[in-house]
Amino acid sequence: MPLALLALAVGAFGIGTTEFVMMGLLPDVAADLHISIPVAGHLVSAYALGVVIGAPLLAAVTARMSRRKVLIGLMVLFVAGNALSALAPDYHWLLAARFLSGLPHGAFFGVGAVVATTMVAPERKARSVSLMFLGLTVANIAGVPVATLMGQQLGWRATFLGVGAIGLAAIAALALLIPHDHTHAPAAGLRGELAALRSLPVWLALGTTVAGFGALFAAYSYITPMLTDAAGYADGSVTLLLALFGVGATAGNLLGGRLADHAMRATLFGGLVSLVAVLALFPVLMSTQWTAALAVVLLGMAAFVTGSPLQLMVIEKAAAGPSLASSANQAAFNLANAGGAWIGGLALAAGFGVTSPAVAGAVLAVLGLAVAGTAAVVDRRRVAPRAARVVAGHVPQAAEALHS
């Protein structure tokens, strides 16, 4: 694997840290800016909105630029957003800065995944994507806890300055390690990117991302009350348990990348089936502390096994112009975050019990399986006529060979 993937992973680490650290800093930010915690929660939503808008928009605007320059430019925007967050004089400025910080997120992962696949042999494409995503999953183990602790000890503004420093390190790594020859300006341009995005298989892959990761966030958004109210953990233990989720996500991400290089669709189906099983068993697993800890690890592993195959599937289905579609998959991931949390909240509000969001997530995972199955059928039907034309085209040649 080329060392250049490390540069992508460093950028992913910074992005993952700034995305999730706000959850742990909400009380500190609310107290400092004299707002309520629910109002401070809008800072999380502002970042997610920036991802959803920025992913396709920036990928489209930069469609004719060198992908190497695009990655560096996106990380510059990321550093600017975090610096402005640290310097924000009031809540509204911080809200705008968080939105700005989210804009480069999806495009960085989308374009970065395309670049990662161009630097390796075809049989290692999924593994290269998983190594880039490794920065995101490791951020949940190390980056977020350390950044949260920094914010609690030095003030929340110090956290965003620290994340900005990670962004500067990523810029240096991208400039030094990303080769020019694999990241030239795409020939397709914006028209080719938009044409690739009109493909039905691309939209089915995006739909699988929304349903599959919506299943994850339906449960994960409410994991704290499950661990405290159902499993009986103390509030102080939750941070360590969330780090276990990061461990599971990291293991699942690496496993998914390795397996998908051998059988991409089988890995995707296996991950979704595992996710259905884990979520359906959550009410039972949350009955004791040790099984609840196991459930948190298994949830991260089952969900992130599907990450690399889904990203690679979108890239391959939009082969003529993959950057926009690949970035749109990141927007789909954040739609899954918002939609899954909403659906899980509906189950909780309906009085079905503290573990009911996980059951709702299992239903969403089944929906993801159905969409993935539909995509497999569509692919099979598209390949069959093409194969028939190829065979028919060789018939005259075969007959001529027999006569000679």
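Every heavy atom of this structure was used, including side-chain atoms; hydrogens, water molecules and symmetry mates were not. Here the structure is a predicted model, which means the values were calculated and not measured.
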Rounded distance [0.5 Å steps], [atom1] in [X] versus [atom2] in [Y]:
{"X": "Leu310", "Y": "Leu272", "atom1": "CG", "atom2": "CG", "answer": "7.0 Å"}
{"X": "Asn337", "Y": "Ser221", "atom1": "CG", "atom2": "OG", "answer": "6.0 Å"}
{"X": "Ile178", "Y": "Leu5", "atom1": "CD1", "atom2": "CG", "answer": "7.5 Å"}
{"X": "Thr117", "Y": "Arg124", "atom1": "OG1", "atom2": "CZ", "answer": "14.5 Å"}
{"X": "Thr159", "Y": "Leu154", "atom1": "OG1", "atom2": "CG", "answer": "7.5 Å"}
{"X": "Leu174", "Y": "Lys69", "atom1": "CG", "atom2": "NZ", "answer": "14.5 Å"}

Return the orientation label for the Phe160 and Trp156 ring planes: parallel under 30°, perpendicular over 60°, tilted otherwise. perpendicular

Determine, for Asp261 against Arg127, whether the closest basic-nitrogen to carboxylate-oxygen distance falls under 4.0 angstrom. yes

The test is side-chain hydrogen bond (donor to acceptor under 3.5 Å, both in side chains); show your working for Ser326 and Ser323 and say whether it passes. CA-CA 5 Å; Ser326 182; Ser323 295; over 6 Å; no

Between the side chain of [X] and the main-chain N/O of [Y], is any donor-acceptor distance below 3.5 Å?
{"X": "Thr18", "Y": "Ile15", "result": "no"}
{"X": "Gln330", "Y": "Val51", "result": "no"}
{"X": "Asn82", "Y": "Val163", "result": "no"}
{"X": "Thr209", "Y": "Ala205", "result": "yes"}
{"X": "Ser36", "Y": "Val39", "result": "yes"}

Take Thr306 and Leu275 through the test side-chain contact (heavy atoms from CB on, under 4.5 Å) and record every step on the way to the result. CA-CA 10 Å; Thr306 65; Leu275 188 58; over 6 Å; no

For the student: nearest non-hydrogen atoms of [X] and [Y], plus distance:
{"X": "Ala126", "Y": "Gly257", "value": "CB-O, 3.4 Å"}
{"X": "Val144", "Y": "Asn140", "value": "CG2-CA, 4.3 Å"}
{"X": "Ala218", "Y": "Leu364", "value": "CB-CD1, 4.3 Å"}
{"X": "Ala4", "Y": "Leu177", "value": "CB-O, 3.2 Å"}
{"X": "Met226", "Y": "Ala219", "value": "CE-O, 3.6 Å"}
{"X": "Leu279", "Y": "Ala362", "value": "CD1-N, 3.6 Å"}

Test log, rule side-chain contact (heavy atoms from CB on, under 4.5 Å), inputs Asn253 and Thr250: CA-CA 5 Å; Asn253 172 55; Thr250 299; 5.7 Å; no

Any side-chain heavy-atom pair from [X] and [Y] closer than 4.5 angstrom?
{"X": "Leu227", "Y": "Val296", "answer": "yes"}
{"X": "Phe108", "Y": "Leu71", "answer": "yes"}
{"X": "Glu123", "Y": "His262", "answer": "no"}
{"X": "Leu134", "Y": "Phe13", "answer": "no"}
{"X": "Tyr222", "Y": "Leu348", "answer": "yes"}
{"X": "Leu25", "Y": "Val21", "answer": "yes"}
{"X": "Phe304", "Y": "Leu254", "answer": "no"}
{"X": "Asp32", "Y": "Arg157", "answer": "yes"}

Quick check on the 6.0 Å ring-centre criterion: do [X] and [Y] meet it?
{"X": "Phe109", "Y": "Phe333", "result": "no"}
{"X": "His34", "Y": "Tyr91", "result": "no"}
{"X": "Phe245", "Y": "Tyr220", "result": "yes"}

Result for side-chain hydrogen bond (donor to acceptor under 3.5 Å, both in side chains) between Tyr47 and one of His105, Arg98, Glu19 points to His105

Worked verdict on Phe282 versus Ile223 for side-chain contact (heavy atoms from CB on, under 4.5 Å): CA-CA 10 Å; Phe282 245 61; Ile223 196 70; 3.7 Å; yes

Checking Leu77 against Leu58 for the side-chain contact (heavy atoms from CB on, under 4.5 Å) test, could you report, in this order, the C-alpha distance in whole Å, the side-chain angles of both residues, the deciding distance, and whether it holds? CA-CA 11 Å; Leu77 184 59; Leu58 292 178; 4.1 Å; yes

Considering the options Leu312, Leu204, Asp379, Leu206, which one meets the side chain to side chain contact (heavy atoms under 4.5 Å, CB included) requirement together with Lys317? Asp379

Take atom NE2 of His92 as the centre, draw a 6.0 Å sphere, and report whether it contains more than 12 heavy atoms from other residues, nucleotides or ligands. no

